[in-house]
Protein chains: 2
Amino acid sequence: MIRQGRRKVPAVSRPTSKDVAQEAGVSQSTVSLVLGGKWTGRVSPATARSVRSAARRLGYRPNLAARNLRLGTTRTVLLMVPTLTAPFFGPVYTGAARVASRHGFGVVVSTWSDGTTAPERAAERGAEGPFADSPFAVPDEAIDGVLASSLAVEALGEFRQTPAVMLDSGPAAPSGPFSVTCVPTVDFGVADGMRDIVAHLAALGHRRIGHVAAGVDQWTFRARADALAAGLAPLPGAALLRATCAIDVGSAKDAAARLLDRADPPTALICDDDLIAAGAYKAARARGLDVPADLSITGFDDVLLATALEPELTTVRLPAEELGAQGMTALLDLLAGRRPAPRVLPGELIVRGSTAAPRA
Amino acid sequence: MIRQGRRKVPAVSRPTSKDVAQEAGVSQSTVSLVLGGKWTGRVSPATARSVRSAARRLGYRPNLAARNLRLGTTRTVLLMVPTLTAPFFGPVYTGAARVASRHGFGVVVSTWSDGTTAPERAAERGAEGPFADSPFAVPDEAIDGVLASSLAVEALGEFRQTPAVMLDSGPAAPSGPFSVTCVPTVDFGVADGMRDIVAHLAALGHRRIGHVAAGVDQWTFRARADALAAGLAPLPGAALLRATCAIDVGSAKDAAARLLDRADPPTALICDDDLIAAGAYKAARARGLDVPADLSITGFDDVLLATALEPELTTVRLPAEELGAQGMTALLDLLAGRRPAPRVLPGELIVRGSTAAPRA
DNA sequence: CTGAAAGCGCTTACAG
DNA sequence: CTGAAAGCGCTTACAG
């Protein structure tokens with residue numbers, strides 16, 4: 001009986017394929033063939049039946065570690081996202097896990113801004129487990145591929161050998177150890193979404209626009225800023241004011257306040273994220289400004305919060321769950337030796353109650 | 001070279017402990033001893049050094065499948081939660097993953113209400129992978145233990161052999177295949193939290209109280225209802241009205257509306273969840289009621305949404321991340337052969353802007 | 001149609 | 001202080 005330092009061996013050990021073979025009166029190979037679904041033409045139907053019933057009787061489940069060792073595959077994929085505490089990435093996980101499970105793959109997730117930083121983690125793990133020098137909770141040998149949110153570009157260096165797909169990182173090469181051609185991407189059409197927002201606001205009559213921007217140097221936010229500037233440029237008399245903040249309600253409130261407290265405040269606030277929009281609502285309310293009568297506000301993402309706010313938020317819906325699903329599909333393609341084409345998921349402008357014509 | 005149906009073998013295979021041994025001019029056993037940290041007194045410091053540097057030079061990472069097979073352990077734990085799309089469980093995961101990673105354990109998560117039901121999943125997996133008859137994305141052989149949200153009680157039957165810890169399921173026996181004594185629990189002090197809410201509202205002068213209750217038959221919600229009734233009972237002239245809903249904003253809005261549209265509407269609404277409170281805000285606004293002047297509203301959980309609402313929500317903070325962390329600590333204790341005592345995490349009343357004295 | 005055997009990469013008694 | 005060997009439970013040529 002194996003006995004590891006801190007762990008008791010289960011009272012009764014689980015049946016193996018050898019046990020099933022014995023029970024069915026056949027060899028281990030036959031059991032493997034039948035249970036692995038590769039028996040047709042090689043094992044008689046009667047034998048197959050008896051193997052199956054023996055397996056059921058014994059409650060046999062194959063040992064995955066053994067299979068993985070033999071096959072050199074783990075059927076596990078790593079999802080790297082900044083956090084699971086904020087609203088956006090839960091659905092990304094859900095979508096990814098859905099398609100993974102459909103193909104017999106599991107998903108483990110690694111986050112790096114949930115309180116602990118990567119280096120701290122490395123130290124923590126090193127303190128206890130051997131070989132624990134990866135900054136991530138999941139060692140790279142345990143996975144077949146990685147699905148990484150764009151923020152993870154540098155971290156990807158860790159997994160140089162591992163097939164990867166980048167999420168929302170833009171069509172250009174991430175500035176890491178990778179070239180364009182080797183990392184497939186799935187992106188949102190954020191530029192189109194921003195153009196739709198600008199067009200919507202312009203049609204309502206807004207000309208002085210404030211941009212409450214996420215202070216994160218990332219393709220997805222640069223693309224938003226660029227599209228906003230481009231969309232506003234042709235409008236006669238248009239002005240663009242910008243304030244930058246972290247992606248949280250408090251920081252966003254402050255940034256919005258800076259814009260609203262100007263001598264010439266904007267009549268509309270375009271926010272890079274729904275969370276930022278929530279902060280903008282607060283800044284408006286604190287100044288007695290009615291949304292949307294005194295101030296129009298827009299968001300990005302369409303997370304649950306967007307419809308919980310009052311009035312409900314006009315925003316661009318980014319299909320987060322679909323991002324996870326498409327990303328996983330691309331990764332599975334890659335693992336199967338195919339070359340997935342870059343994909344773009346269109347954002348959709350959802351007009352709700354937070355936008356209206358500016359006061360005359 | 002191994003070659004599996006759908007997967008290419010990596011161009012250059014990863015170095016094994018045998019390669020390291022050769023590079024360092026020692027045996028495989030010595031490599032294992034050194035890298036496993038069990039060498040002191042058994043291997044000379046000089047040899048240890050040379051093994052380490054050989055490992056570094058080759059970029060050696062141990063093969064986890066092999067280690068798991070040998071040790072009969074996976075150092076992986078399954079977290080079963082209803083969803084990762086709603087706000088509460090992200091932090092639970094974060095807390096669990098944090099302590100797990102500190103002990104060299106990984107966490108995989110399994111959700112069952114994210115669109116797909118368990119039986120559907122089983123069918124899906126069966127369609128592709130062999131042996132895929134578990135309803136969960138993670139087969140039970142691949143894990144050492146499970147951390148399960150109370151909603152998962154029936155699902156736990158799947159993992160009869162596996163050490164488990166229940167989260168927020170109450171101190172009594174879950175009505176599944178387990179008895180009290182065999183499943184450790186970590187619970188929230190929801191009854192105390194509810195008592196605090198009632199006391200707070202009563203002190204403000206409220207007597208007609210509406211309970212917008214989650215229509216889920218679960219210990220945590222039954223405990224809230226019981227504590228509410230118990231807290232109100234001694235108050236002279238107190239009345240309790242109840243409406244039931246699903247835990248989403250739309251359903252909650254309808255339930256709150258039913259209470260507010262009565263001839264004798266309540267002056268305060270106690271909601272079982274912050275999401276439900278958001279629905280109550282909407283029902284109030286739709287009727288032109290000011291919160292908190294015309295109607296006080298309280299929530300439960302203190303998710304991000306609570307401070308995004310306007311006015312900010314008075315609620316009971318349930319330390320979700322701590323639940324995950326404590327649960328994982330208990331599970332790790334269990335795996336180490338210890339008997340973790342049941343734990344209760346106190347909720348804390350956070351008074352914000354959504355509660356005030358009723359109108360005279 | 002079926003079985004005996006090799007081997008995936010580790011860890012750990014055991015023998016020197 | 002160090003090495004040779006067994007064995008974890010699978011899958012897959014290979015031989016009958």
Side-chain angles (χ1 to χ4, degrees), chain A residues 1-5 7 9-10 13-22 24-51 55 58 60-75 129-131 139 141-142, chain B residues 1-5 7 9-10 13-22 24-51 55 58 60-75 129-131 139 141-142:
Chain A
M1 283 273 91
I2 297 167
R3 178 169 272 282
Q4 203 217 7
R7 189 174 184 237
V9 170
S13 54
R14 293 217 335 248
T16 71
S17 65
K18 200 183 273 182
D19 299 321
V20 176
Q22 189 162 31
V26 298
S27 77
Q28 210 188 3
S29 342
T30 304
V31 171
S32 182
L33 252 19
V34 171
L35 264 21
K38 310 191 171 176
W39 61 280
T40 29
R42 309 218 260 158
V43 175
S44 75
T47 308
R49 245 191 318 275
S50 86
V51 167
L58 263 38
Y60 171 71
R61 313 293 307 272
N63 179 315
L64 251 25
R67 154 183 295 179
N68 291 342
L69 176 56
R70 180 61 231 249
L71 260 26
T73 295
T74 59
R75 291 192 95 78
F131 306 111
E141 330 75 63
Chain B
M1 284 269 91
I2 297 167
R3 177 171 272 282
Q4 205 217 7
R7 186 167 188 244
V9 170
S13 55
R14 294 215 337 250
T16 70
S17 65
K18 198 184 276 182
D19 298 321
V20 177
Q22 189 163 29
V26 299
S27 76
Q28 210 188 4
S29 341
T30 304
V31 172
S32 182
L33 252 20
V34 172
L35 265 20
K38 310 191 171 174
W39 61 279
T40 28
R42 309 217 260 157
V43 175
S44 76
T47 308
R49 244 191 319 275
S50 85
V51 166
L58 263 36
Y60 171 72
R61 313 294 306 274
N63 179 316
L64 250 26
R67 154 183 294 178
N68 290 343
L69 176 57
R70 181 61 233 247
L71 258 29
T73 295
T74 60
R75 291 192 95 79
F131 307 110
E141 328 77 64

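Note on naming: letters A, B, ... go to the chains in the order of the sequence lines (proteins, then strands), and numbering restarts at 1 for each one.
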Does the side chain of [X] reach to within under 4.5 Å of the side chain of [Y], using non-hydrogen atoms?
{"X": "A:Val51", "Y": "A:Val26", "answer": "yes"}
{"X": "A:Leu35", "Y": "A:Tyr60", "answer": "yes"}
{"X": "B:Thr30", "Y": "B:Thr47", "answer": "yes"}
{"X": "B:Asn63", "Y": "B:Thr16", "answer": "no"}

Tell me which residues in residues 41-49 of chain A lie within less than 4.0 Å of DNA chain D, going by non-hydrogen atoms.
none
Between [N] and [X], is there an OP1 or OP2 to side-chain N/O distance shorter than 4.0 Å?
{"X": "B:Ser27", "N": "D:dG3", "answer": "yes"}
{"X": "B:Lys18", "N": "C:dG9", "answer": "no"}
{"X": "B:Thr30", "N": "D:dG3", "answer": "yes"}
{"X": "A:Lys38", "N": "D:dT12", "answer": "yes"}

Taking atom [atom2] of [N] as reference, at what distance in whole Å does atom [atom1] of [X] sit?
{"X": "B:Arg61", "N": "C:dG9", "atom1": "CZ", "atom2": "P", "answer": "16 Å"}
{"X": "A:Leu58", "N": "D:dG9", "atom1": "CG", "atom2": "P", "answer": "14 Å"}
{"X": "A:Asp19", "N": "D:dC8", "atom1": "CG", "atom2": "P", "answer": "11 Å"}
{"X": "A:Trp39", "N": "D:dT12", "atom1": "CH2", "atom2": "C1'", "answer": "19 Å"}
{"X": "B:Gln28", "N": "C:dC10", "atom1": "CD", "atom2": "C1'", "answer": "7 Å"}
{"X": "B:Leu69", "N": "C:dG9", "atom1": "CG", "atom2": "P", "answer": "12 Å"}
{"X": "B:Leu33", "N": "D:dA4", "atom1": "CG", "atom2": "P", "answer": "14 Å"}
{"X": "B:Arg70", "N": "D:dG9", "atom1": "CZ", "atom2": "P", "answer": "10 Å"}

Heavy-atom nearest nucleotide on DNA chain D for B:Gly25 versus A:Ala66: which residue maps closer to 5'?
B:Gly25
Hey, could you give me the [atom1]/[atom2] distance between [X] and [Y], rounded to the nearest 0.5 Å?
{"X": "A:Asn68", "Y": "B:Thr74", "atom1": "CG", "atom2": "OG1", "answer": "11.0 Å"}
{"X": "A:Leu69", "Y": "A:Arg67", "atom1": "CG", "atom2": "CZ", "answer": "12.5 Å"}
{"X": "B:Ser44", "Y": "B:Arg49", "atom1": "OG", "atom2": "CZ", "answer": "8.0 Å"}

Stems with DNA chain D, 3 or more Watson-Crick or G-U pairs in a row (under 3.5 Å), are C:1-3 with D:14-16, C:5-12 with D:5-12, C:14-16 with D:1-3
I'd like to know if the side chain of B:Arg42 reaches the main chain of B:Leu33, judged simply by a donor and an acceptor atom lying under 3.5 Å from each other, with no hydrogens or angles considered.
no
Considering non-hydrogen atoms only, spot the tightest contact between B:Pro62 and B:Arg14 and give its length.
O-NH2, 3.9 Å
Sugar-phosphate, base or nothing in reach of B:Ser29, heavy atoms under 4.0 Å
base
